[in-house]
Amino acid sequence: MMHRLDISNLRLEYGFRRILWDVSLHCETGKVVGLLGRNGSGKTCLMKAVYGELKLQEQYVGIDGRVLLTRERSPEDMRYLPQHHFIPPGLPVKRVFNDFGVDFDRFAVDFPEFGKTYQRRIQTFSSGERRIIEVYVVLASVSTFCILDEPFSFLMPLHVQKIKEIICREKVTKGIMITDHYFEDVIDISDELFILQGGKTWRVQERADLELLEYIKDTDGIQNRRTDAE
Amino acid sequence: MRVECILRSCISFYRMYMAPALVVSFACGGIMYAYSIKAPAVIGVIIVATFWFKVATMTFFYFAMKRKAWKFFYYYKNVGVSVRWLWRMTLSFDFLTYVAVLFIGYYLR
């Protein structure tokens with residue numbers, strides 16, 4: 001079943017500084033919406049506002065025309081992966097997968113190195129391993145929309161690739177909003193790409209737009225210089 | 001499954017500040033135990049003093065947790081358990097523990 005997440009009129013100001021100004025976005029089942037932006041441009045604020053964590057001066061966030069007003073959203077409507085670790089370190093993996101209603105066996109198929117970690121506590125994992133578990137439970141649990149804030153942090157390239165595959169697999173049943181500074185990976189999996197600059201979202205059609213909006217700078221030149229150095 | 005998840009969330013949430021909260025409750029109980037043979041006026045003073053001490057420490061734990069453990073609140077939100085509800089349940093339980101320990105301290109003598 002198709003669902004549509006509408007975000008419009010998001011406005012956030014800190015003193016005289018405009019963080020978000022008339023931001024409008026939409027996401028629907030089967031789509032990955034990528035959001036890029038410089039540090040401090042308001043990506044996390046936007047994500048938190050959509051999840052209901054941040055109360056803005058003006059905002060509209062709704063699923064299928066139904067306004068989401070409450071701070072505590074139903075997890076079946078939306079799940080949020082914050083950019084920091086969020087699973088309490090004392091919990092065992094088994095408990096985390098049970099709480100999210102996610103099948104551990106399938107996880108062990110995707111990440112065979114985690115096969116024997118069912119009874120282990122979260123605190124015994126490295127940052128990267130914790131991140132894999134966090135990203136996976138948020139992505140694989142039942143929900144209409146997923147908001148992922150920097151899912152590729154701490155992950156090695158092989159795992160980034162695997163997470164990208166899982167995102168593409170899970171988007172069949174849900175809409176996904178993603179932001180990360182690994183922009184190549186975000187571009188790879190995004191059906192629609194936006195850049196947040198000056199408090200507004202700008203649609204990115206091609207790579208040159210990122211240079212135009214000063215998110216990246218003369219990347220080909222950097223590549224050439226690297227080749228020359230080698 | 002859902003009730004089980006909520007109960008487990010309550011327990012794991014309370015465990016984040018359980019140790020210092022119980023120390024405070026047992027300290028209040030200890031004071032009551034030590035002075036319970038005194039005059040009723042003294043008992044009254046102990047009850048009022050420990051009550052405000054307990055309330056102050058509960059307020060402290062609330063703000064300290066909000067400052068130190070806010071990252072983990074996202075876990076409970078993501079599994080569909082309201083953090084406000086968790087606070088209400090665990091603080092109520094903590095206060096009841098204090099009351100129970102106070103009674104035990106009084107009647108034990």
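Sequence lines set the chain letters: A, B, ... in the order given, protein chains first and strands last, and positions in each chain run from 1. Just so it is clear, the structure is predicted and the values come from calculations on it, not from any experiment.
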Do A:Leu91 and B:Ser12 pass the side chain to side chain contact (heavy atoms under 4.5 Å, CB included) test, and can you show the C-alpha distance, the side-chain angles, and the key distance before you say yes or no? CA-CA 8 Å; A:Leu91 299 187; B:Ser12 64; 3.9 Å; yes
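- At a 4.5 Å heavy-atom cutoff, B:Phe73 makes no contact with chain A through either its backbone or its side chain.
- Around OH of A:Tyr182, the count of heavy atoms belonging to other residues, nucleotides or ligands within 6.0 Å does not exceed 12.
- Between A:Phe100 and B:Tyr75, the two ring planes are perpendicular [angle over 60°; tilted spans 30° to 60°].
- Annotation: B:Phe93, atom CZ; neighbour count of heavy atoms from other residues, nucleotides and ligands within 6.0 Å does not exceed 12.
- Here the options are A:Asn98, A:Val96, A:Asp99, the test is side chain to side chain contact (heavy atoms under 4.5 Å, CB included), and the partner is B:Val79; only A:Asp99 passes.
- Taking every heavy atom of both residues into account, B:Phe72 and A:Arg130 meet most closely at CE2-NH2, 4.3 Å.
- Proximity to chain B (any heavy atom under 4.5 Å) is shown, for A:Val137, by neither the backbone nor the side chain.
- Heavy-atom neighbours of A:Arg169 CZ from other residues, nucleotides or ligands within 6.0 Å: above the threshold of 12.
- The neighbour count for B:Phe60 CZ, taken as heavy atoms of other residues, nucleotides or ligands under 6.0 Å away, does not exceed 12.
- Ring geometry for A:His84 versus B:Trp70: interplanar angle over 60°, hence perpendicular rather than tilted (30 to 60°).
- For A:Pro75 against B:Asn78, the heavy-atom pair with the smallest separation is CB-O, 3.2 Å.
- Counting only distance, with no hydrogens or angles, the side chain of A:Arg95 and the backbone of B:Arg8 share a donor-acceptor pair below 3.5 Å.
- The contact between A:Pro82 and chain B is made entirely by side chain atoms (from C-beta outward), counting heavy-atom distances below 4.5 Å.
- Counting non-hydrogen atoms of neighbouring residues, nucleotides and ligands closer than 6.0 angstrom, the CZ atom of A:Phe111 exceeds 12 such neighbours.
- Residue A:Tyr60 places its OH atom among more than 12 non-hydrogen atoms of other residues, nucleotides or ligands, all under 6.0 Å distant.
- Within a 6.0 Å sphere centred on OH of B:Tyr35, heavy atoms belonging to other residues, nucleotides or ligands number 12 at most.
- For the pair B:Lys77 and A:Phe86, the minimum side-chain heavy-atom distance is 4.5 Å or more.
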